[in-house]
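Computed from a predicted structure; not experimentally measured. Throughout, a chain's letter reflects where its sequence line sits, starting with A, and its residues are numbered from 1.
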Amino acid sequence: MNCKNRLPKEFFMQPTLKVAKNLLGKILVRRDAGEEIRAIITETEAYRGPNDKASHASRRITPRNKIMFGPAGHAYIYLIYGLHYCLNIVTERENYPAAVLIRGVKIAGPAAGGKILNGPGKLTKFLNIDKSLNGENIFKSHNLWLENCHYQNHRAYVNKGTRIGVDYAGEWAKKQWRFFIDL
DNA sequence: CGCGGGATTGACT
DNA sequence: GTCAATCCCGCGT
């Protein structure tokens, strides 16, 4: 697999919905215990701005969500339901809270290649991603980063739908801010 | 300082 | 379809 080029900061400075769509087909890389695992991103969700009632940042900056207010390209990781970790990548400018949640991947490479991980908690468990990586700079990190690799199925049709698990968000729950591809 | 709930998952009826 | 697991954190007192 000859794709060592990381996605640049400009990629994450773009509008969050665009980043969420463009992350589909890109490669999430996790290096753990000297081993690199590559995962093709197949499902994402956008959480955007201070008014998005589905977002953790809809009220104000707090110790938990402060990463979302920081610079683009950092990992925002939190524990949900006391059981599972969710991985997000921060987008747009500083002080504007926005991020893309990685909801699904397909494992690449010979080991577990082809394995489907549909669900934000499943992929973090498989890739051993927890809160120790919260705030990680994905442009510099040796443990977690994103690569631009042109897989042949890259241009698969992008499906969209409402975000999962945000029924409490009123009108914001109706936004079609979930994106996914079939690989 | 206590209380309630969550950007989920898997097991079970 | 229902429901429990499990704990951090945001918010109100």
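- Listed for the A:R64 side chain is no donor-acceptor partner under 3.5 Å among the backbone atoms of A:Y78.
- Put simply, chain A comes within 4.0 Å of DNA chain C, heavy atom to any atom, from C:dA5 to C:dC11, going 5' to 3'.
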Side-chain donor-acceptor pairs under 3.5 Å in residues 70-77 of chain A, sequence neighbours left out?
from	atom 1	to	atom 2	distance (Å)
A:H74	ND1	A:G135	O	3.0
A:Y76	OH	A:H56	ND1	2.7

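- Contacts between residues 87-96 of chain A and DNA chain C, defined by a heavy-atom separation below 4.0 Å, involve no residue at all.
- For B:dG5 and C:dC3, the C1' atoms lie 16 Å apart once the distance is rounded to whole Å.
- No continuous path of ILVMFWY side-chain contacts below 4.5 Å connects A:F180 to A:I40, so the two sit in separate hydrophobic clusters.
- The stretch residues 57-70 of chain A comes close to DNA chain C through A:R59, A:R60, A:T62, A:P63, A:R64, each having a heavy atom under 4.0 Å from the strand.
- Each of A:V100 and A:I80 belongs to its own hydrophobic cluster when Ile, Leu, Val, Met, Phe, Trp and Tyr are linked at side-chain heavy-atom distances under 4.5 angstrom.
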What do the steps show when you test A:T162 against A:Q176 for side chain to side chain contact (heavy atoms under 4.5 Å, CB included), and what is the final call? CA-CA 4 Å; A:T162 54; A:Q176 307 260 306; 3.5 Å; yes
Take A:N65 and A:Y47 through the test side chain to side chain contact (heavy atoms under 4.5 Å, CB included) and record every step on the way to the result. CA-CA 12 Å; A:N65 67 23; A:Y47 289 83; over 6 Å; no
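- Checked against salt bridge (Lys or Arg N to Asp or Glu O under 4.0 Å), A:E43 has the following partners two or more places apart in sequence or in another chain: A:R103, A:R178.
- A:E147 pairs with exactly one of A:R38, A:R31, A:K26, A:R30 by the salt bridge (Lys or Arg N to Asp or Glu O under 4.0 Å) rule, that one being A:R38.
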Please assess A:L28 against A:L87 for the test side chain to side chain contact (heavy atoms under 4.5 Å, CB included), listing each intermediate value before the final yes or no. CA-CA 11 Å; A:L28 173 67; A:L87 169 67; 3.9 Å; yes
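- Hydrophobic clustering, with ILVMFWY side chains joined whenever heavy atoms are under 4.5 angstrom apart, keeps A:I138 apart from A:I67.
- Counting heavy-atom neighbours within 6.0 Å of A:K53 NZ, excluding the residue itself, gives a total above 12.
- Across all their heavy atoms, A:P97 and A:N95 have their closest contact at CD-O, 3.7 Å.
- Qualifying ring-ring contact (aromatic ring centres under 6.0 Å, His included) partners for A:F69, counting only residues two or more places apart in sequence or in other chains: none.
- Near DNA chain B, defined here as any heavy-atom distance below 4.0 Å, the residues from residues 159-169 of chain A are A:I164, A:G165, A:V166, A:Y168, listed numerically.
- Contact detail for A:I181 and A:G25: the closest heavy-atom pair is CD1-N, 3.8 Å.
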Using atom types as modelled, flag every donor-acceptor pair under 3.5 Å from a side chain in residues 8-18 of chain A to any protein atom, sequence neighbours excluded.
from	atom 1	to	atom 2	distance (Å)
A:T16	OG1	A:T91	OG1	2.7
A:T16	OG1	A:E92	OE2	2.6

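- Contact annotation for A:K131: backbone-only contact, meaning every heavy-atom pair under 4.0 Å involves sugar-phosphate atoms and none involves a base.
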Given the rule that a pair is Watson-Crick or G-U wobble with both distances under 3.5 Å, how would you write DNA chain C in dot-bracket, using | for pairs to a different strand? |||||.||||||.
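- Hydrophobic clustering keeps A:L101 apart from A:W145 (ILVMFWY residues linked when any side-chain heavy atoms are closer than 4.5 Å, directly or through intermediates).
- Within a heavy-atom distance below 4.0 Å of DNA chain B, the residues of residues 79-86 of chain A found are A:I80, A:Y81, A:G82, A:H84.
- When DNA chain B is scanned 5' to 3' for any atom under 4.0 Å from a heavy atom of chain A, the first and last hits are B:dG6 to B:dG10.
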Would A:I102 and A:L23 count as a side chain to side chain contact (heavy atoms under 4.5 Å, CB included) here? Give the steps. CA-CA 9 Å; A:I102 311 297; A:L23 272 176; 4.2 Å; yes
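- At distances below 3.5 Å, not a single donor-acceptor pair connects side-chain atoms of A:S55 with backbone N or O atoms of A:R48.
- No continuous path of hydrophobic side-chain contacts links A:Y96 to A:W177 [ILVMFWY only; heavy atoms under 4.5 Å].
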For residues 116-128 of chain A, please give each side-chain donor-acceptor pair under 3.5 Å, one per line with the distance, not counting sequence neighbours.
from	atom 1	to	atom 2	distance (Å)
A:N118	OD1	A:K122	NZ	3.1
A:K122	NZ	A:N118	O	3.2
A:T124	OG1	A:Y85	O	2.7
A:T124	OG1	A:P120	O	3.3
A:T124	OG1	A:G121	O	3.1
A:N128	ND2	A:D32	OD2	3.0

